[in-house]
2 protein chains.
Amino acid sequence: MDVNEGTRWRAEVFISLRPGVNDPQGLAVRDGLRRLGYTEVEDVRVGRYVQMWLRAPDRKTAEERVGLMCDQLLANPVVEQYRFSLEPA
Amino acid sequence: MDVNEGTRWRAEVFISLRPGVNDPQGLAVRDGLRRLGYTEVEDVRVGRYVQMWLRAPDRKTAEERVGLMCDQLLANPVVEQYRFSLEPA
């Protein structure tokens, strides 16, 4: 079966900075929230939420392909980590 | 109880563009993936994944506060939508 056929899958990819990596954007959001009065906010980390729709013959193939896409393009392995969920679309 | 005391919560906020709103960044990622050979990718939507650690006396208060923070600062209601999950940290 051609990889473009088969089931349509929806992947949700959650990309975040690795622990210990500085997050100036997160700090800015935290400070902004505190200025608005949300003083209970202790820490904020900002990352990317990517939704993808793709075709694959089965779940295993879809998982492999999404993993490769994350490693190759979506996440910067030096400073970022990712996880993803997958469901038939 | 002061809102800064109580349980420490971790919120995960998923912010995405509303359906129908153009997503040039998503298109760029899709085209990039296709150029890398992932021709099975049909659509990509890029949003923000925000993790927050906050204190609140109970789940209901934490949910209300996170909702307010999303409405006021984290998500642009005109073009974005959000959902979030909450768990004790």
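To find a chain, count down the sequence lines: A is the first, B the second, and so on, and within it residues start at 1.
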Is B/Leu27 reachable from A/Leu73 through a run of hydrophobic residues whose side-chain heavy atoms are each under 4.5 Å from the next? no
Is it possible for you to say whether B/Ile15 and B/Leu86 belong to one hydrophobic cluster, with membership spreading through side-chain heavy-atom contacts below 4.5 Å? yes
Correct closest heavy-atom pair for B/Gly37 and A/Arg65 would be O-NH2, 3.4 Å
Minimal non-hydrogen separation, B/Tyr49 against A/Arg83, with atom names: OH-NH2, 3.5 Å
Heavy-atom distance under 4.5 Å to chain B: side chain of A/Arg8, backbone, both or neither? side chain
Of all of B/Arg45, B/Met52, B/Gln72, B/Gln25, which one pairs up most often with chain A through heavy atoms under 4.5 Å apart? B/Arg45
For each of B/Asp43, B/Val50, B/Leu54, tally heavy-atom pairs with chain A at distances under 4.5 Å, and name the one with the top tally. B/Asp43
Linked, directly or transitively: B/Val13 and A/Leu36 (ILVMFWY side chains, under 4.5 Å): yes
Which distance, rounded to the nearest 0.5 Å, do you find between the CZ of B/Phe14 and the CD of A/Gln51? 10.5 Å
Side chains of B/Tyr38 and A/Leu68, heavy atoms from C-beta outward: is any pair under 4.5 Å? yes
Treating Ile, Leu, Val, Met, Phe, Trp and Tyr as nodes and any side-chain heavy-atom pair under 4.5 angstrom as an edge, say whether A/Val46 and B/Phe84 lie in one connected cluster. yes
So do A/Glu42 and B/Arg55 actually touch side chain to side chain, heavy atoms under 4.5 Å? yes
Verify the cluster assignment for B/Val21 and B/Leu74: are they in a single hydrophobic cluster under the rule of side-chain heavy atoms below 4.5 Å apart? no
Taking A/Met69, A/Glu12, A/Arg10 one by one, which has the highest count of heavy-atom pairs under 4.5 Å against chain B? A/Met69
